[in-house]
Every structure is written in structure tokens, then in C-alpha cells.
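Input: a single structure, listed below in C-alpha cells.
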Amino acid sequence: MTDTLDAAAPPLPDVDRPNTQDGPPIRLYLVDGSGFIFRAFHALPPLTRKTDGLPVGAVSGFCNMIWKLLVDMKSQPDAPTHLAVVFDHSEKTFRNKLYDQYKAHRPPPPEDLVPQFPLVREATRAFGVPSLELPGYEADDIIAAYACKVRDMGGEVVIVSSDKDLMQLVGDRVFMLDTMKNVKIGIDQVAEKFGVTPDKVVDVQALCGDSVDNVPGAPGIGIKTASALINEYGDLDTLLARAGEIKQQKRRETLIEFADQIRLSRQLVQLDCDTPLPEPLDALVADDPNPEELQAFLEKMEFRTLARRVGDGKAGTNGAATAGADTPAGEAKAPARPQHKAIDVNGYVCVRDVPTLEAWIARAMDAGVVAFDTETDALSATSAGLCGVSLAVAPGEACYIPVGHCEAEGLQLDAPADLQQIPLDEVIARLKPMLEDPSVLKVAQNAKYDLAVLSRYGIDVGPIDDTMLISFTLEGGLRKSHGMDELSKTWLEHEPIAFKTVAGTGKAQKSFKHVGLSEATCYAAEDADVTLRLWEHLKPRLAHEHLSTVYERHERPMPQVLVGMELAGVKVDPDRLRQLSNDFSVRMGELEAEAHRLAGRPFNLGSPKQIGDILFKEMGLASGKTTATGAMSTDASLLEDLANQGHELPRVLLDWRQLSKLKGTYTDNLVAAIDPRTNRVHTSYGLAAATTGRLASSDPNLQNIPIRTEEGRKIRKCFIAEPGHVLISADYSQIELRLLAHIGDIPQLKKAFADGLDIHAMTASEMFGVPVEGMPAETRRRAKAINFGIVYGISAFGLANQLGISRDEAGAYIKTYFERFPGIRTYMDRMQQQVRSQAFVTTIFGRKVHIPAARGKSQAERAFADRAAINAPIQGAAADVMRRAMIRMPAALKDAGLKAKMLLQVHDELVFEAPEAEAEAVIAVARRIMERAAEPALQISVPLVVEARAAANWDDAH
DNA sequence: TCGACGCGC
DNA sequence: TGGGATGCGCGTCGAT
């Protein structure tokens, strides 16, 4: 419950504070108590009262939410003036008289939830909030009655619930608030869900029915058909009266045959605004709780954090912390219990004998879906050793299976810790069939890591779902990270135990294998538990938000592919790299001495600040520009200008910087990154890093190896193949411009690509009216800069900078460009409009790229969003094409009988290693797969062309 | 921990 | 009006 709304939720329309004739404005908050307790129970981690084990998780979530509402009442402009919590009273209601099967399929509530029902009512009273219920009626009807009354009086109503059955009540002055997701639901959100305005929601529900409540509806009609029909005919009665006019035979017959059942369904879903009010409205006036009574209740429940906040009277400013504070995470900070006794911690189980392990595996097989997580003794997935595996088979039901925990050397314990574990081989052998069973879905957060670890122990995990990738597919661009901690805080309002808490921090940080089994179980089992809950929450959204295909085709297969590449690694020549490093050092020393001589004093060449002082203060050179923070800029373009004016020092600094960069970033670190076991370098690819869908490479980054300068290429030459093998580089030629031609439908560009012309020369020819033959190199260079600039949404200023021409001249170029290629202007305008109205754009493959800056306050932010919106569909489509090629590549190579391996990806390039004799065959396979990668999803209207070459090192293959 | 810088596509 | 004025990453270094 953070203060700010989810960025995805549009702000509420400004509604003037309503006035009633005879009193202050009314803003009534109605909390759907029954709905809340079910959702809180399933969404929040299990929490029990310490003294007697009474389950109180849902009560805790409920108390935090109520407290937040009460705190907001004092400060927020849209705080409640009236407040009540509404509960269902009994199983049987008037609806059962209409239809005896209503809600007949409901399973009994979970065992752990039952004792919490009376506690939530008690909590409500302790907070001084009226608790309403009425025999024979559902909570929804009571909510409807109050909502209608207040609305008709001119007041405002906020229904705290996410129950879709309440959405029919939404209107100009009636909203819903989902406090667990921090989303407000207004008319637009209802329309998005049901495809009709709220007043037509019952008609749609009557048609499609509801399997949860056992409302029959019309067979074979879903929400889409229902809303289409209602929108066409206006309302349900008209539709049923004119059902004979419907063209589709099946649909017509269904509506006629089931007309009565549909009318009954409408009666079942229609909420009754005439439900008698259990209390007069005046009785719901919001008021402060009685402090003693509230404290007594909270202490009885052992909600210490909330009790303290209530005592301070200043709680609620950070709702997320409030919600998490009474969870097991807080308990973990308590003094450690004796390790050898703690087997069952917070309901999580530490598995240390084979029968227990078999029982958990059986439960996973039985459930058909299991969340899992691996714990390791280091960070690198390609080298870390396994410490243990955790499994979650249902929310709150998780275990940790330690396999590699041991005592730290030199660490004396008072009593020997009990570290008895099932042997590693035994655990692997027993887990393997379940983890590889095609009928059991394995859910992981960042599955690539766990797949890489387990694959080194001979387990080929599958099928998998990845909560990180699901989140990335749904919300790429909305949040910086899709890490588990952040997702848990957002969606489960729960802060998992931090790794630091169990392993320590900084110098004292210990490897996970030295963490005691009790603490390790708390941490590891919780991760699997949280992963399962996140999956339950996020996975259904893919379908609802039309992102299932993107996830299934472009995300879900990637971890497997990348594991293959990361584990393969790439060979580098350490001797040659060390020699380069030495050469660079020697020359840097010479340049440093020269720089000190020219400056007249020693200084640190690596410090932009000191360089600024020397150049602009001591030597009096004209400082051209400043950086974002106002410091004097000393970047390469500026030093280049000064050098061209005839100054000596800037040239020396530029040369030194180049060598310093190469040595510091590349030579030394690449040698250090060689894994001694494989003698190769294993990068890690980030899948949820770039919002456009591009991969990112890190530890080390192999996507920014130098290529432009002669010195830099010396480093690239150090990437080599094994003896008897070659490296093969295959890269898409001009893929972004080709996709722009397709997406923007630019005839001249499409024709040029179809004819295989030099695209930059063609652009120059179109723009400047000169023939391609005999064109000056400078003319082509300018056209090339414009082509690239267009892809990035460049301005006249930027282009002028890039080309070293005047701003007016650059402006004229851009003007000419748009005149020659009007389709590009249209494309850019379209993206700008789209991002400003929706705050996201999509690629031709359906990938959604959120650009929240489009809703930014400053013009600069929105201008930035415009440029990102122009670039994202192009860069993103290229990334999508590349992903499709990569996903198909391993099988294509294998089917062709080739031993070649895909090693690296650099956005538009793939690097393979193959036996020399395979080179030609690999090139043929790579080109075929890459050039046809968009198919069959899309037919790109320009050819995608791949250039490929084999050589002994990466530079020569390029 | 942050900003400046620079490497890649 | 006028400031700001090419997209997406990662890693290093110095300054704090």
C-alpha cells in the first residue's frame, strides 16, 4: 500500500468535492471484508501468532489496510468521511431461492482461514469502524445499497475490492480501489475489462456467466462475444428480443434456446440497490479508534510493528513497510535459535531425509506445477556450486533441500552445528525425474540461472515458466528491475528476507554454504514460495493483456538457449592480451609524462575534473560546454575540437584515454574473466534488461568489444577458436533501417532494399539529387548520419553536431529528408501520438514497450519519451527478429548434423564456433534461419539480409 | 553511491 | 518563450 498509485493506473478524473444539502460532503469507503480476507489469505505469506500458532496472516494484512485508510483520513484530500467494512452473513441468500445451484461449487474455505473470519470482524471493531452484515444478503448487495444511496445524494463512493461482480456499480462518482495491487478502477478500467460501460456489465455477465459463482449464462459465449453483442444491440432485452436476426447460426440458436437461463443469470449477477440498510448512513461517520481498545487488540494478535506505529500515531506513510513488518521477515532478525534443532521454521520445512524428500517430490508431481529455486555458493551461474534446492507446491507450503552446507573453516562454534544432509548425488538423482517431467511445470524467478546451475549437475529442467520474464513481458519499461524482491513488494506487499540478512554484508559476507540450515531454510524456501505466488498472480495477466504469444514465442524459450551459449563460453588468447596490456602500459607512461610536461605540473589524467582545471583555468583555453551537473566538459568531441585548433595537450589526453579505456576495460579484465576450468570466458546475458527486448551482456560485457579503431581491433583479434575450429560471425545488414522501411511503409526505401542498393548512397541521391555513381564520400556520409539519426529521433541540433555543419544546414537536410520520405514523418507522428495517449508503444511482433516518461511533468521528459517511442518499435522489432533466430538455431544446427555452437550475440550479430570443415554448412544454416526468422508470424516486406564469414579470430570473421 | 566518460549496436 | 536538443546497454574511474 504505497502512497502513489501504480503508474499504469490512469489518474482519477477531477471530481469536485460533492456537497449534500444538509451537511458536509460525503465520501464513503466501503470495504468488501469477505473479498479482502480471501485475497489477503492467498496473496500474503502465512503468518502465525508466535505463542500458539494461530494463523493471522490475513488479519494482519487487513489491519494494515484499515490503518492506512484511517491515517489517510487525516491528510489526504480524497480520504473517507464515512467508512464501513461489509461482510457476507450466511451461505444461503435470496439468490439461492432463484437458483439452487448458485455458488454451489464453492469449496469450503481453507482450514487456516476459518479461524480468521471472526478475528477480522473483531479487528474492524477494534479500529472503531462499523462492521455491516445482513442475513440473507451478500456483502455485495449491502455495498450496492449504500453506494446507490450516497451516489444519488451527490456524494462519492470508493469500494475497496477487486471483485468484478461489483464493477457494475462503477460510475462518475463511484470507484473501486484494489488496495493489494494499488490500482483504482473507474469507468475506463471497467470498460477495458468488459468491453462495455459499467451500466451494461450485468448484461455481459448474464451472457457469459461465471464458473466461480456457478452462474450459467449462455454456453459458448465469452466476454468478447458478449460485449460485441451488447454493443451491437444496445442491451440484453433488445438482444434477446431480436435474437432471430443474428447471422451466425450457432450463436442465434444458443441465444434463443437459453434465453430464460440468460435472464436468470442476469437476476443472479444484478446487485440489489434496494437492499435494506443495516445501519443509517450517519452511523458510518469515520472516527478515530479508541486507542486503548486498539492497542489491546494488536497486542493480543502480536502485531508488534503495527502496534508501535499506532502508538506513535504516525504510521502509514510507508504502507509497504507496514504490510511486510509483521511477516516472517521480521521474525528472522530475532536472535538465532540453536541450529541443530530448527527443522521447521515458519512453516517451511528443511528436508534432510529421503522419505521426506520423496514426499515433497510426490506433492510436486501431483500438483503438476512447482516453483523452485537453487541456492549456490557463488554468483556466477556458469561456475557456482550447488548449496541446495527449494520447492513450493502451494502458497505457504515450501521446503528447502540442503546439499552443500558445511562449516566455515577456522570458525569455532560453541556446539557443533547439525549439518546432516542427504548426499548431493542422491538428491540430484531423485529430483531429476520430476524436474525433467514434461507434465510438471517448473516455475522459477530468473530461470536462466537455475537452468545453468542444474544443467552442470546433469539435469535438463523443463518445461519452465519464468516470473521475471512474465513481469518483463507485461511491464517492460514500467519498473527498472523485475527482481524478486521488487515484484514481491509490489504484488504481495511482502518484503522477502534479504540475502544480506542471512549471509552478512561487505567483508564479513559468507558464502551461502556456510549459512546454517535453519536460516537457509527461511530464506530459500521463502524464495520458492514467493515465486509461486508471483506466478499465480502474474501468469493469468498475460492472456488478459494479449501478451501470451510474445511471452511464449519470444521470452519463454530464451533461458534454455542462453544457458547453452553461456556455458559454451568463448576462447580468448591470454598471452596476447597480456602482451597488449603491457604495450598499452608503456605507451600510457610516455603519454602521461608528455601530458605533465605540457601542463607544467603533474596531475591525474584519469580525472576529468583535474583536466578541466588545467585546460580551462591554468591554460586559459575556451571551455565549450558543461556537463549535466554544470562541470566543465572534457569529453572526446571537445578535446578533438581543441586538438584541431592546434593545441598539443588535448591530443595527448585523447590518446591516453583511448589506451586507458582499452587496458582498464578490456585487456586486463578479459584475462581475469577466464574460467580456469574451461579456459574460456563465460558472459552472462540479461533478458529483462533493455525494455526494447534487446539482450544485455555483463560479467564481462562481450557486446562492447572494440571494433572501430585499429588499436581496439587488436583486442577483438584475441577472441579465437579452438585448434581445428573457426569462429563464424553472421550479422544482419541494416536490419533497423529495413524494419523502418517495412513498419513505416516507405516505398523508396523498400525498393532500394529489394534491389540490393547501397541504402546510404540511395538516400543521398534522393535528397541531394546527385547520381550514385561518382558520389563524393562526404555526401554519402551525411546521408548515413541522417539515416541513423532518424532511427534515434535526432534533432537539427544533434545532426549539426554530428556532422560538424551549421544548425540551419542540418535543419534543411532534415526537411528535405521528410519531403523525400513522407512516410517516415507519418510514422514518427503516429508513434508520438500513441505514446502520449497510452504511455506505451508496441513492436510488429506485439511486444509492449512502456514509456512512462510520456506522462512526465516536464517538456524535456516528454520529448525524451517521443524519441524513445520512435526508436523502440524499430529497435524492438530487430530484437524480436534476433530472438526468433536464436531460439531456432540450436535445433537447426543439430538437424543439419553440425557440431557448431552458438557462442555470442551482439544485437544484430551471432558468433559461432565450428570445426573448420563445417564452416560453409554452418554459414548456410545460420543465414537461412536468420533471414527467415520473422516467418511465419510475419512477412517482412523487405528482404532481411545476413552477411557471414569464418576466420581464425573474431576480428577477421567480421 | 554517483557522475562523467566511452565502448558496442 | 526558450531551454534543450539521437535510441539501448555495461564498466571503469574519480570524487564524495
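Residue numbering restarts at 1 for every chain, and letters A, B, ... go by the order of the sequence lines.
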When all nucleic acid strands are considered with a 4.0 Å heavy-atom cut-off, which category describes [X]: base, sugar-phosphate, or nothing?
X: A:Asn669; value: sugar-phosphate
X: A:Asn604; value: sugar-phosphate
X: A:Ala796; value: nothing
X: A:Thr634; value: sugar-phosphate
X: A:Glu736; value: nothing
X: A:Val906; value: sugar-phosphate

Rounded P spacing from C:dA5 to B:dC9 in Å: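 Pairwise P distance, C:dA5 against B:dC9, rounds to 25 Å.
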For nucleotides C:dG4 and B:dA4, find the distance between their P atoms and express it as a whole number of Å.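 The same atom, P, in both gives a distance of 14 Å.
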Output all residues satisfying side chain to side chain donor-acceptor pair (under 3.5 Å) with [X], sequence neighbours left out; order by chain, then residue number.
X: A:Arg716; result: none
X: A:Arg780; result: A:Asp758
X: A:Thr683; result: A:Ser697

SB check [X] [Y] (cutoff 4.0 Å):
X: A:Glu566; Y: A:Lys448; answer: yes
X: A:Glu710; Y: A:Arg713; answer: yes
X: A:Arg553; Y: A:Asp880; answer: no
X: A:Arg651; Y: A:Glu640; answer: yes

Between [atom2] of [N] and [atom1] of [X], the distance in whole Å:
X: A:Gln610; N: C:dG14; atom1: CD; atom2: P; answer: 9 Å
X: A:Leu739; N: C:dG7; atom1: CG; atom2: C1'; answer: 15 Å
X: A:Leu740; N: C:dT6; atom1: CG; atom2: P; answer: 18 Å
X: A:Arg713; N: B:dC7; atom1: CZ; atom2: P; answer: 14 Å
X: A:Asp635; N: B:dG3; atom1: CG; atom2: P; answer: 17 Å
X: A:Arg694; N: B:dC7; atom1: CZ; atom2: C1'; answer: 13 Å
X: A:Phe472; N: C:dG9; atom1: CZ; atom2: P; answer: 9 Å
X: A:Leu695; N: B:dG8; atom1: CG; atom2: C1'; answer: 14 Å

A:Ile887 versus A:His554, closest heavy-atom pair with distance: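 In this case the closest contact between A:Ile887 and A:His554 is CD1-CA, 4.3 Å.
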With respect to the side chain of [X], which nucleotide from [options] is positioned closest?
X: A:Ser795; options: C:dG11, C:dT6, B:dC5; value: C:dT6
X: A:Thr691; options: B:dC9, C:dG9, C:dG11; value: C:dG9
X: A:Ser607; options: C:dA15, C:dT12, B:dA4; value: C:dA15

Going by number, which of residues 699-710 of chain A have a non-hydrogen atom under 4.0 Å from DNA chain C?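 Going residue by residue through residues 699-710 of chain A, the ones with a heavy atom under 4.0 Å of DNA chain C turn out to be A:Asp699, A:Asn701, A:Asn704.
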Among residues 862-876 of chain A, which residues get a heavy atom nearer than 4.0 Å to DNA chain C?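 Going residue by residue through residues 862-876 of chain A, the ones with a heavy atom under 4.0 Å of DNA chain C turn out to be A:Phe864, A:Arg867, A:Ala868, A:Asn871, A:Gln875.
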Check residues 795-808 of chain A and write down every donor-acceptor pair under 3.5 Å in which the side-chain atom is one partner and the other belongs to a residue at least two apart or another chain.
| unit_1 | atom_1 | unit_2 | atom_2 | d |
| --- | --- | --- | --- | --- |
| A:Ser795 | OG | A:Phe797 | N | 3.4 |
| A:Ser795 | OG | A:Gly798 | N | 3.1 |
| A:Ser806 | OG | A:Glu809 | N | 3.0 |

Go through the structure and list residues passing salt bridge (charged side-chain N to carboxylate O under 4.0 Å, His left out) with A:Arg781, not counting sequence neighbours.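 Here the qualifying residues are A:Glu778.
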Contacts of type salt bridge (charged side-chain N to carboxylate O under 4.0 Å, His left out), residue A:Lys661, not counting sequence neighbours: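 Testing A:Lys661 for salt bridge (charged side-chain N to carboxylate O under 4.0 Å, His left out), a comparison that skips the adjacent residues, returns none.
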Donor-acceptor pair under 3.5 Å, A:Lys609 side chain vs C:dG14 base: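 No, the side chain and the base share no sub-3.5 Å donor-acceptor pair.
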Just to verify, which of A:Val652, A:Leu662, A:Ile611, A:Leu591 counts as forming a side-chain contact (heavy atoms from CB on, under 4.5 Å) with A:Arg657?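 Option passing the side-chain contact (heavy atoms from CB on, under 4.5 Å) with A:Arg657: A:Ile611.
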Sequence neighbours excluded, which residues qualify as ring-ring contact (aromatic ring centres under 6.0 Å, His included) partners of A:Phe788?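 A:Phe788 satisfies ring-ring contact (aromatic ring centres under 6.0 Å, His included) with A:His760 only.
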Side-chain donor-acceptor contacts of residues 820-830 of chain A below 3.5 Å, not counting sequence neighbours, with atom names and distances?
| unit_1 | atom_1 | unit_2 | atom_2 | d |
| --- | --- | --- | --- | --- |
| A:Arg820 | NE | A:Glu766 | O | 3.3 |
| A:Arg820 | NE | A:Glu766 | OE1 | 3.0 |
| A:Arg820 | NH2 | A:Glu766 | OE1 | 2.6 |
| A:Arg825 | NE | A:Asp829 | OD1 | 3.4 |
| A:Arg825 | NH2 | A:Asp829 | OD1 | 3.3 |
| A:Thr826 | OG1 | A:Pro822 | O | 3.0 |
| A:Tyr827 | OH | A:Ile870 | O | 2.8 |

Consecutive-pair stems (3 or more, Watson-Crick or G-U, under 3.5 Å) for DNA chain C: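 Result, WC/G-U stems under 3.5 Å: B:1-9 with C:7-15.
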Do A:Asp668 and A:Ser581 have side-chain N/O donor and acceptor atoms under 3.5 Å apart?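 Yes.
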Atom pairs under 3.5 Å: protein N/O with N/O of nucleotides 2-4 of chain C:
| unit_1 | atom_1 | unit_2 | atom_2 | d |
| --- | --- | --- | --- | --- |
| C:dG2 | N2 | A:Gln859 | OE1 | 3.4 |

